[in-house]
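Structure record follows, encoded as structure tokens.
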Amino acid sequence: MFEARLVQSSILKKVLEAIKDLLNEATFDCSDSGIQLQAMDNSHVSLVSMNLRSDGFDKYRCDRNISMGMNLGSMTKILKCAANEDVVTMKAQDNADTVTFVFESPNQEKVSDYEMKLMNLDQEHLGIPETEYACVVRLPAGEFARICRDLSQFGESVVISCTKEGVKFSSAGDIGSANIKLAQTSNVDKEELAVTVEMQEPVTLTFASRYLNSFTKATSLSNVVQLSMSPDVPLVVEYRIGEIGHIRYYLAPKIED
Amino acid sequence: EDMQSKLSRFFSKN
């Protein structure tokens, strides 16, 4: 028996919002430590890795590890039936072929349950090597979303260049070119407004803007986004999910041929 | 024009 209860259904709604552009389906791997998801987009250029820890749920029970193949379009439709303030419970019998979502209104006057068929998805897990990144940038998630959106109007690639002064985002195309430079903030009163750069060595990498824009669908989950870069390895874009977990997006760089 | 690489270049299948 698997059962996970979350008081804030909005977290699950935002998680689906954050992954449904990139992925059509994904396997939710549930164990007693929590729910994990790892899936590449169809082009195998980007990967989503999500983790929701069991101690972040109000109630969590997982008698035996269970992998639930979810159609994310269907799951999105079901989660749209939950009000933001509803309590959501996901539950499934061991080796079940369906999962049930129960939404309870705060005053318990309305209880809805939705049963969704599960899919048999082949599990292709990638080994992601632990990496000491040359540059780790933290900036306001809204700022990053704005930069990606603005620059994607100029070209289909964004060059991210990180030095100890700060980070520069550039794009060029038919209409011209654009550069956005963010300096490290010195003393900001609020942590989530800071731009910080931890640099071991300067890095400049090129990425496809459309993937960066897909990643920013996770902006509603966190005030801060973290970008980790090293020469010739995928970019990592990480959003924390409250106190319960994180979503990490990996993006393969564009390389001069 | 830069060529888009694939993740399989960096991550191996488990």
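Below, read A as the first sequence line, B as the second, and so on, with proteins coming before strands; counting in each chain starts at 1.
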* Asked: What do you reckon, are the aromatic ring centroids of B:F10 and A:Y250 less than 6.0 Å apart?
  ->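 No, they do not, as the ring centres are separated by 6.0 Å or more.
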
To the closest 0.5 Å, what do you measure between [atom1] ([X]) and [atom2] ([Y])?
X      : Y      : atom1 : atom2 : value
B:D2   : A:I255 : CG    : CD1   : 9.0 Å
B:L7   : A:D41  : CG    : CG    : 7.5 Å
B:M3   : A:T206 : CE    : OG1   : 12.0 Å
A:H125 : B:K13  : NE2   : NZ    : 12.0 Å

Does [X] [atom1] have over 12 foreign heavy atoms under 6.0 Å away?
X      : atom1 : result
A:R149 : CZ    : yes
B:N14  : CG    : yes
A:K181 : NZ    : no

* **Nearest atoms (heavy-atom pairs only) where B:S5 meets A:P253** =>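 Answer, listing the atom of B:S5 first, then A:P253: OG-O, 2.5 Å.
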
* Which one, A:I128, A:V233, A:L251, leads in non-hydrogen pairs under 4.5 Å with chain B? ->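 Of the candidates given, the most pairs with chain B belong to A:I128.
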
* Which one, A:P129, A:G127, A:A208, A:S43, leads in non-hydrogen pairs under 4.5 Å with chain B? ->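 The residue among A:P129, A:G127, A:A208, A:S43 with the greatest pair count is A:G127.
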
